[in-house]
Amino acid sequence: VLPDDVSWDSIHEIKNGQTQIIEAWSITEHGKSPPVERVPCCPSASDLYDKWYRHGLPLILTGMSRSWPAITRWTPSMFRNEFGDVKIHVRNPHDPTASAADNLKVETTMGEYMNFLEDEEAASHAHQHHMVGMLNNFYKSPFRELLKNDVTYFPEYFHEMPETISEEWDHATCPLPWMGPKGTHTPLHHDIRSSFNCQILGIKRWQLVHARQRQLLYLMDDMKNFCRVNSDERPLSMVDLEKFPLFRRATVWNMTNHP
């Protein structure tokens with residue numbers, strides 16, 4: 001119930017004013033289809049912070065992982081041959097035994113999952129059957145050596161793997177490898193921490209919206225880091241603007257990551 005001196009019209013007026021300010025920021029500073037800046041690796045941490053991070057702007061660092069052993073070594077055949085019997089967890093919404101309360105997690109072996117990824121017919125019908133990084137302790141054995149030896153760390157940007165794992169070490173800073181078939185995607189959301197994404201195999205397309213425009217994204221009531229505009233996982237170019245009219249004012253960065 002609104003106080004006597006507050007009307008719904010006044011609330012809508014304030015909300016409309018906010019979106020106009022956001023829209024003006026979007027168009028004047030970035031345009032409706034802004035490019036994502038590409039910079040050769042690697043600018044200093046202070047430049048990275050001052051020019052991009054503190055403004056919430058996306059950036060592509062080129063050449064960062066070109067010399068990593070992982071680029072040539074991390075293949076389905078390697079994981080199958082060296083870790084085929086290792087039990088892993090994958091997110092599989094197509095499995096009737098998977099529980100939504102447990103992130104649709106099911107157990108399989110690395111070998112079985114690599115066979116699935118290389119089966120184009122099977123993968124084409126189960127594109128959300130992916131290996132979720134946070135569900136697999138890659139910083140522990142037997143995958144720990146891969147992260148120590150096959151990835152080059154940049155301490156100014158992100159933490160190196162420690163020699164030993166302790167309870168005091170912040171596991172949230174550890175690399176989280178993700179694997180999935182072609183077509184794997186998630187609805188528009190924000191992660192709980194800032195991210196570096198390094199593509200090892202295949203490509204990944206990103207669609208990004210600035211945090212200043214969150215009022216245009218219709219955040220979910222129960223999970224405020226997810227948005228309702230494409231909760232059905234449709235591309236942002238196909239958002240229902242009659243149902244979500246404010247989204248037409250949003251600026252979307254489009255970018256594609258390659259190895």
Side-chain angles (χ1 to χ4, degrees), residues 29-30 34-76 78-79 82-83 86 88 110 130-180 184-186 188-212 225 252-259:
E29 292 195 25
H30 301 291
V36 176
E37 191 167 359
R38 302 174 67 90
V39 176
C41 185
C42 290
S44 67
S46 59
D47 278 352
L48 187 73
Y49 177 82
D50 291 335
K51 295 179 181 178
W52 298 283
Y53 184 84
R54 77 184 184 94
H55 299 292
L57 299 177
L59 172 69
I60 297 175
L61 295 178
T62 61
M64 187 176 200
S65 58
R66 187 171 297 147
S67 62
W68 292 6
I71 292 294
T72 55
R73 186 170 180 236
W74 290 17
T75 63
M78 184 280 288
F79 280 105
E82 297 189 23
F83 303 96
V86 176
I88 61 171
M110 181 63 83
H130 59 268
M131 182 176 173
V132 182
M134 65 186 67
L135 299 182
N136 293 280
N137 294 334
F138 261 70
Y139 48 81
K140 297 180 181 179
S141 59
F143 301 112
R144 179 173 166 74
E145 293 304 309
L146 293 179
L147 294 174
K148 286 181 61 178
N149 300 329
D150 293 352
V151 173
T152 301
Y153 290 89
F154 294 78
E156 281 194 308
Y157 296 167
F158 45 79
H159 294 272
E160 287 192 70
M161 288 285 290
E163 288 300 317
T164 58
I165 296 294
S166 66
E167 291 302 318
E168 291 74 27
W169 183 56
D170 181 6
H171 293 180
T173 65
C174 179
L176 297 175
W178 292 67
M179 301 180 190
T184 297
H185 54 274
T186 55
L188 189 62
H189 67 281
H190 73 79
D191 290 339
I192 59 175
R193 58 182 182 273
S194 300
S195 300
F196 265 91
N197 177 269
C198 300
Q199 199 73 18
I200 303 298
L201 186 66
I203 63 173
K204 179 169 181 171
R205 183 186 180 199
W206 297 78
Q207 292 186 293
L208 307 172
V209 179
H210 199 284
R212 290 188 189 181
N225 63 320
V252 179
W253 282 286
N254 289 281
M255 55 182 281
T256 302
N257 268 15
H258 298 265

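Values reported hereafter were calculated over all heavy atoms of this structure, with side chains retained and with hydrogens, waters and symmetry mates removed. Numbering of residues begins at 1 and proceeds along the displayed sequence.
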Handout entry: Phe154, CZ: over 12 other non-hydrogen atoms inside 6.0 angstrom
Key = yes
### Message
Can you confirm whether Phe196 is buried at CZ, in the sense that more than 12 heavy atoms of other residues, nucleotides or ligands lie under 6.0 Å from that atom?
### Response
yes
To the nearest 0.5 Å, tell me how far [X] [atom1] sits from [Y] [atom2].
X: Asn225; Y: His189; atom1: CG; atom2: NE2; answer: 7.5 Å
X: Asp50; Y: His55; atom1: CG; atom2: NE2; answer: 7.0 Å
X: Glu37; Y: Leu61; atom1: CD; atom2: CG; answer: 10.0 Å
X: Arg66; Y: Trp68; atom1: CZ; atom2: CH2; answer: 12.5 Å
X: Met64; Y: Tyr157; atom1: CE; atom2: OH; answer: 6.0 Å

Nearest heavy-atom neighbours spanning [X] and [Y]:
X: Ile60; Y: Met255; answer: CG1-CE, 3.5 Å
X: Pro259; Y: Gly202; answer: CD-O, 3.1 Å
X: Lys51; Y: Leu57; answer: O-CD1, 4.0 Å
X: Trp253; Y: His210; answer: CZ3-N, 3.7 Å

[X] versus [Y]: any side-chain heavy-atom pair under 4.5 Å?
X: Val252; Y: Leu208; answer: no
X: Phe83; Y: Ile88; answer: no
X: Pro76; Y: Leu201; answer: yes

- Query: Do you see a donor-acceptor pair shorter than 3.5 Å between the side chains of Trp74 and Asp150?
  - Reply: yes
Discussion item. Using side chain to side chain contact (heavy atoms under 4.5 Å, CB included), reason through Ser65 and Ile71 one step at a time and then give a plain yes or no.
Written reply: CA-CA 7 Å; Ser65 58; Ile71 292 294; 3.9 Å; yes
- Determine, step by step, whether Gln199 and His258 satisfy the side chain to side chain contact (heavy atoms under 4.5 Å, CB included) criterion, reporting the C-alpha distance in whole Å, the side-chain angles of both residues, the deciding distance to 0.1 Å, and the verdict. CA-CA 6 Å; Gln199 199 73 18; His258 298 265; 5.8 Å; no
(message) Show, in sequence, the C-alpha distance, side-chain angles and deciding distance for Trp178 and Ile200, and conclude whether the side chain to side chain contact (heavy atoms under 4.5 Å, CB included) test is met.
(response) CA-CA 10 Å; Trp178 292 67; Ile200 303 298; over 6 Å; no
Practice item. Look at the side chain of Asn149 and the backbone N and O of Glu145, then say whether any donor-acceptor pair between them is shorter than 3.5 Å. Key: yes
Margin query: Closer than 3.5 angstrom, by distance alone: can the side chain of Thr75 be matched with the main-chain N or O of Met78 as a donor-acceptor pair?
Written below: yes
In Asn254, Asn257, Thr256, the residue satisfying side chain to side chain donor-acceptor pair (under 3.5 Å) with Arg205 is Asn254
- Should Phe143 and Met110 be marked as a side chain to side chain contact (heavy atoms under 4.5 Å, CB included) after you check the CA-CA gap, both sets of side-chain angles, and the distance that decides it? CA-CA 11 Å; Phe143 301 112; Met110 181 63 83; 3.6 Å; yes
